[in-house]
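Lettering follows sequence order; numbering is per chain, from 1.
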There are 2 protein chains.
Amino acid sequence: MTKTNHHRSCQGRSNCNACALRLEMVCGDVSLEDLIDFHAGIDDFDFAPGATLFAMDTPADAVYCIRGGAVKMVHYEPSGVVRIVRVLKIGDVAGLEATFRERHEYSAIAVGTVRACRIPMPYFHKFIESHGSLQMRLMETSQAALSEAQNWLAQIVGGNIPARTRMARLLLKLRTGNSDRIIRFTGEDMAAILGITFETVSRLVSEFKRLGILQYIYGSKNTKYFRGDIAALEKIAQEG
Amino acid sequence: MTKTNHHRSCQGRSNCNACALRLEMVCGDVSLEDLIDFHAGIDDFDFAPGATLFAMDTPADAVYCIRGGAVKMVHYEPSGVVRIVRVLKIGDVAGLEATFRERHEYSAIAVGTVRACRIPMPYFHKFIESHGSLQMRLMETSQAALSEAQNWLAQIVGGNIPARTRMARLLLKLRTGNSDRIIRFTGEDMAAILGITFETVSRLVSEFKRLGILQYIYGSKNTKYFRGDIAALEKIAQEG
DNA sequence: CGTGTACTTGAGTGGGCTCAAGCAGGGTGG
DNA sequence: CCACCCTGCTTGAGCCCACTCAAGTACACG
């Protein structure tokens, strides 16, 4: 576990325009003093691949706004079974589920290098309580997350649907924006998402590569990507 | 589809204490006029077993507060595969996910007889915009739903975990309160939740009955129940 | 150059699916 | 009241997809 977390304090608004402030930019009623006050307690972190933002069953004392990279939300069963319940990308907020809870129900773990702003829970609470339109924004965020989770339930995970189909659906969900660039998880991670073994994942990825609809490319700083044939993947994803 | 929905207008506050008002009771700042105004557009419904509160892909023009019975949120794939992504019980709000969306992503279908208050979306929006503490309550509700959905992902659905174990976990989740009374879904419904076939469900239920840890009992008005040996179920639920 | 991590590939097994036949209960109509 | 149907449940036999176990490869890093 080499988790060398670079760490520095938030310098000013410019740093946050891409993350926490995304949530407020819609709200015109946030004054400059509020912002400076708000920023005082916020830190800007770099997380190494595999680093833990926060761990399951630990006190929920902060939320994190993801500014770069991807984060997996992981659940560990006593039996050793590992399940990834959601993947956060740029602009998402990790730990939001714990706003009204004592402890985190899941671990948040960096996939590749991650940049994130840490917002201590007391600040977060104070801030949302005092800004009405921010609450609306957060409700929206929260419901988008719910929607996403239910979508996984219906389409990605489990059941009567063959692993091949679900793999294609997962790959489509993991692409960045509308490009053909797909965030590349390890075989074990994909297994934990789909609820299958990593051997099966490997066989499927091999098959897709053999068919020419998937290939390796590289991004910056340990974050790896696939390049995928979106049309072909969508076709496979529709197979019942 | 025999969906004879009894229907009558909401008479006053007393009717709503159990549902919509649950959300506000915490907020002291709601005036009486607000309430009367609010209630004007609300209707109180009875839904027969199998009746549809709202259907997937239809315009999201209302939310429903569940006052009695249980509601399943269902996703239909083009291929015909059916998946239940969540089950709502008394006090839950159906359609909340669509507060900021055009259309419902899932159908809400009554399991047994259901009583629910229909709140038109415009009313709902107007009301939450004007009452700050209600927004906080709703955020909490929304996050609880997210938590529940993720819990299903991690524990109930799919994967390396044997169907027997997941069935036990599902039964534990479906019990009412802390009693040993368990809401009884049809085999097909349980199959749609667990992502297995109804034949397998039948075999498992038979086995549990044979072991004496599950038996049929009856509730009122078409809503049926199991009585379960909670301790035994919890033991099975822990098997990895 | 050795070590660790991730991936690949094969052979054999098994849990859950498929297909199929039959049963139970509860309405409904003659 | 019974015959009929319809929905939901039961149970069996055979098969296949994905799991398990296992051996081996590719590559990064110190």
Side-chain angles (χ1 to χ4, degrees), chain A residues 1-2 4 48-50 79-82 111-113 156-168 170 184-211 214-218 221-226 236 239-240, chain B residues 1-4 48-51 72 79-82 109 111-112 156-168 170 184-211 214-216 218 221-226 236 239-240:
Chain A
M1 293 276 191
T2 46
T4 43
S79 66
V81 175
V82 178
V111 179
T113 304
I156 303 283
V157 148
N160 334 355
I161 305 158
R164 204 178 107 101
T165 302
R166 281 152 48 210
M167 171 65 86
L170 174 58
R184 182 169 173 259
F185 282 75
T186 67
E188 233 153 15
D189 279 347
M190 287 182 150
I193 294 172
L194 293 167
I196 58 181
T197 58
F198 84 95
E199 290 99 324
T200 303
V201 170
S202 173
R203 280 182 244 269
L204 288 170
V205 171
S206 294
E207 186 198 337
F208 286 176
K209 280 197 291 187
R210 209 178 317 122
L211 293 173
L214 212 57
Q215 53 179 304
Y216 292 149
I217 58 170
Y218 294 92
K221 285 191 180 181
N222 290 309
T223 308
K224 296 194 173 87
Y225 295 93
F226 292 117
I236 296 173
E239 290 168 7
Chain B
M1 292 277 191
T2 45
K3 298 175 196 169
T4 42
K72 54 183 176 182
S79 66
V81 174
V82 178
I109 300 191
V111 179
I156 304 283
V157 148
N160 333 357
I161 304 157
R164 205 178 107 102
T165 302
R166 282 151 49 212
M167 171 66 87
L170 174 58
R184 183 170 171 258
F185 283 75
T186 67
E188 232 153 16
D189 280 347
M190 286 183 151
I193 294 172
L194 293 167
I196 59 182
T197 58
F198 82 94
E199 290 98 324
T200 303
V201 170
S202 173
R203 280 181 243 270
L204 288 171
V205 172
S206 294
E207 187 199 335
F208 286 177
K209 279 197 292 186
R210 209 178 317 121
L211 293 174
L214 212 58
Q215 52 178 306
Y216 292 148
Y218 295 91
K221 285 191 178 182
N222 289 309
T223 307
K224 297 193 174 88
Y225 297 93
F226 291 117
I236 295 173
E239 291 170 5

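Residues forming a side chain to side chain donor-acceptor pair (under 3.5 Å) with A:Thr165 (at least two apart in sequence, or on another chain): none. A search for side chain to side chain contact (heavy atoms under 4.5 Å, CB included) contacts involving A:Val201 returns A:Met167, A:Met190, A:Ala191, A:Ile196, A:Val205, not counting sequence neighbours. With sequence neighbours left out, the side chain to side chain contact (heavy atoms under 4.5 Å, CB included) criterion links B:Gln215 to B:Arg227.
Of the residues in residues 184-193 of chain B, those with a non-hydrogen atom less than 4.0 angstrom from any atom of DNA chain D are B:Arg184, B:Thr186, B:Gly187.
The backbone N or O of B:Leu194 sits less than 3.5 Å from a side-chain atom of B:Arg166, completing a donor-acceptor pair.
For D:dC9, the OP1/OP2 oxygens have no side-chain nitrogen or oxygen of B:Lys209 closer than 4.0 Å. For the OP1/OP2 pair of C:dC7 and a distance below 4.0 Å, the side-chain nitrogens and oxygens of A:Ser206 include no atom meeting the criterion.
Defining each end axis of the helix from C:dC1-D:dG30 to C:dG30-D:dC1 as the rotation carrying four pairs' C1' atoms onto the next four, with five pairs an end, the two axes are found to diverge by 40° to 10 degrees.
Residue B:Val111 comes nearest to B:Phe185 through the heavy atom pair CG2-CE2, 3.6 Å, listed as atom of the first residue, atom of the second, then distance. Heavy-atom minimum distance, B:Ala192 versus B:Val82: CB-O, 3.6 Å.
Here the C1' atom of nucleotide C:dT8 and the CD atom of A:Glu207 are 14 Å apart, to the nearest Å. Rounded to a whole Å, the CZ atom of A:Arg210 is 17 Å from the P atom of C:dC7. Straight-line distance from the NZ atom of A:Lys224 to the C1' atom of C:dC7: 12 Å, rounded to whole Å. Following rounding to the nearest Å, A:Leu194 (CG) and D:dC19 (C1') show an atom-to-atom distance of 15 Å.
Here A:Phe198 contributes atom CZ and A:Glu188 contributes atom CD; the two are 6.0 Å apart, rounded to the nearest 0.5 Å.
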Inset, instruction - Do nucleotides 13-24 of chain C as a string where each nucleotide becomes B, S or -: B if the base has a protein heavy atom under 4.0 Å, S if just the sugar-phosphate does, - if no protein is that close. - result: ---SSBB-----

Inset, instruction - Run the numbers on A:Ile236 and A:Phe208 for side-chain contact (heavy atoms from CB on, under 4.5 Å), then give the verdict. - result: CA-CA 10 Å; A:Ile236 296 173; A:Phe208 286 176; 3.8 Å; yes

Inset, instruction - With side-chain contact (heavy atoms from CB on, under 4.5 Å) as the test, would you mind laying out the steps for A:Arg184 and A:Tyr216 before giving the verdict? - result: CA-CA 9 Å; A:Arg184 182 169 173 259; A:Tyr216 292 149; 3.1 Å; yes

